[in-house]
Amino acid sequence: AVGDDPPPKLMFDAWFHFHPGGTATNSIMHHFIQTKKNGTSSTATTAATATEPSPKCTLERRLFHALHAAHVQSPSIKEFKENWAMANAVRSFLKDDEGGRMEYVLDVAGGHGALGALFLLLVPRCRAAVVIDPAKCTSGKWGVREAWSRLWSGDDEEEGGRANERAKEGKKELRYRHECLRTGLRKELDLILQNTKSTSVTVVACHACQHLTDETLQIASEYGVNVAVLPCCQKDHDGWWKGLTRRLVNGNDKNATLSIGAIMDLLAAGKMMGFETGSSAGVRYQVKMKLMNESISVQNRMILCKAVARDDDAGNERIDARKELAHEKLTRAYRRAHKLPGKDDGPKSTTTDPHRTNDWCIPSLLTGFCVGTAVSFLMVSRLIRK
């Protein structure tokens, strides 16, 4: 302070987002602070001013804060974090030609559509996201559009070039189909695949309960499109695997536990890797499982499936070469374990060549002749004495 001037003051306008549950579980999800000069009166933060980004404000924080500024309750904090994590996992796994595999995204059981909307925001070449869900989540649909639509449409002045880049491939579209996935997913795929190759379409399902995960994978594989699911509430409807779970839990090794959910997810991934999966559509699937951070969701196993053409010579050659190398190593190990002759150490041919004269060992012949003569002489002498 100079002279009698009062010392300078700082005034902060801040948003803090907490988990429910009190101080025992609260954690700061995001904060946004604006600094005002001394003497400036504090004003209420509106949706327009609240979304002004700080220099280090990431897109994730910006999107999350936009939901809060618009007073959106759906998607919730947990749903937003799940959708953000899954969208980035899928995008990383299917990364190909700036998102060419995610030109169209079908969000099964998507409710408010936040997952589909994130693909419009994160993938430059994503043209449309279709949410397939019989439930009409009116507030959630309004919230997603209210908070994010200007970002994927390219109308957001604050985003500048980034928003324009996301919209450079043409107008992006988020629409909803209120129908069961058993019919709605097939109808949408029939419509889209009239003018688009199957590998440019991705089906996603975040928390598709019980058998809905299997049905999503089955329909997607029939059409040969990419698919990614985050299963939940898994059940063994046939009852064939529950016994294994109980034996693992009650076994001698207390650490050898595997939940029925984990078993069913592994079985679902194995089905997608099956020899005939996708064959009717001319594709096979490269399958990978990723784990979402458990702090976001306990149901955190994502099954990611990339559709690859069966006549992809380059890909098939790589796989065949790896299999052949593995087979050679296994063959050598098997021969060592069982003391089998190698491929160059097999038994010699027993056929006789009449033109060969050096196959006899002379010392061995003489030794055999002498031994035979001696034995014969002894036997004859014994008979004469009798």
Side-chain angles (χ1 to χ4, degrees), residues 13-19 27-34 45-92 98-99 102 105 107 110-131 137 139-169 171-176 202 204 206-207 228 230 292-293 295-297 302:
D13 288 340
W15 290 99
F16 296 92
H17 303 271
F18 297 95
H19 285 301
S27 61
I28 297 178
M29 302 297 298
H30 168 66
H31 67 272
F32 178 80
I33 300 178
Q34 288 180 319
T45 305
T46 64
T49 60
T51 55
E52 294 176 1
S54 64
K56 296 183 180 180
C57 190
T58 64
L59 178 60
E60 179 185 8
R61 293 179 178 179
R62 177 176 174 77
L63 293 173
F64 179 79
H65 194 70
L67 292 172
H68 185 280
H71 304 287
V72 174
Q73 302 298 321
S74 177
S76 65
I77 294 174
K78 178 178 180 294
E79 290 172 331
F80 172 76
K81 295 178 70 178
E82 288 173 343
N83 293 334
W84 178 265
M86 184 169 183
N88 279 284
V90 175
R91 188 167 62 110
S92 174
E98 297 184 354
M102 295 160 280
V105 175
D107 184 2
H112 41 62
L115 180 58
L118 285 174
F119 282 95
L120 295 176
L121 292 164
L122 296 173
V123 182
R125 292 187 57 184
C126 183
R127 295 184 180 183
V130 183
V131 183
C137 303
S139 61
K141 291 164 57 177
W142 173 86
V144 170
R145 291 184 182 276
E146 177 71 13
W148 296 346
S149 61
R150 60 200 168 110
L151 298 177
W152 72 65
S153 65
D155 297 333
D156 185 58
E157 296 179 357
E158 298 166 2
E159 274 280 283
R162 287 180 294 175
N164 292 329
E165 181 182 355
R166 284 192 286 270
K168 68 181 180 180
E169 297 295 333
K171 184 178 180 180
K172 292 175 176 276
E173 177 187 17
L174 175 66
R175 59 185 177 88
Y176 296 79
T202 297
V204 295
C206 185
H207 288 309
L230 176 65
M292 187 182 294
N293 194 314
S295 64
I296 300 175
S297 176
M302 295 176 284

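Rounding to the nearest 0.5 Å gives a distance of 10.0 Å between CE of Met292 and CG of Asn88.
Between His207 and Glu82, the shortest heavy-atom contact is NE2-OE2, 3.0 Å. When all heavy atoms of Val105 and Cys126 are compared, the closest pair comes out as CG2-SG, 4.0 Å. Shortest non-hydrogen contact noted between Gly116 and Ala129 is O-CB, 3.4 Å. In this structure, Val144 and Pro75 approach most closely via the heavy-atom pair CG2-CD, 3.9 Å. Nearest heavy-atom pair across Val90 and Ala228 is CG2-CB, 3.6 Å. Gly113 and Asp107 get closest at one heavy-atom pair: CA-OD2, 4.0 Å.
Contact of the Asn83 side chain with the Met86 side chain is not registered, since no non-hydrogen atoms from C-beta on lie closer than 4.5 Å. Residues Val204 and Phe119 form a side-chain contact, since some pair of their non-hydrogen atoms from C-beta on lies under 4.5 Å apart. Counting heavy atoms from C-beta outward, Leu118 and Leu63 have side chains that approach closer than 4.5 Å. Taking 4.5 Å as the limit, every side-chain heavy atom of Lys81 sits out of range of all side-chain heavy atoms of Phe64. The shortest distance between side-chain heavy atoms of Leu122 and Met102 does not fall below 4.5 Å.
Scanning for side-chain contact (heavy atoms from CB on, under 4.5 Å) contacts around Ala147 gives Ala66, Leu67, with sequence neighbours left out. Listed by chain and residue number, Glu188 satisfy the side-chain hydrogen bond (donor to acceptor under 3.5 Å, both in side chains) test with Arg175 (two or more places apart in sequence, or in another chain). By the side-chain contact (heavy atoms from CB on, under 4.5 Å) test, Ser76 is found to be paired with Lys78, Glu79, residues two or more places apart in sequence or in another chain being considered.
Counting only distance, with no hydrogens or angles, the side chain of Tyr176 and the backbone of His112 share a donor-acceptor pair below 3.5 Å.
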Derivation of the side-chain contact (heavy atoms from CB on, under 4.5 Å) call for Val131 and Lys141: CA-CA 10 Å; Val131 183; Lys141 291 164 57 177; over 6 Å; no
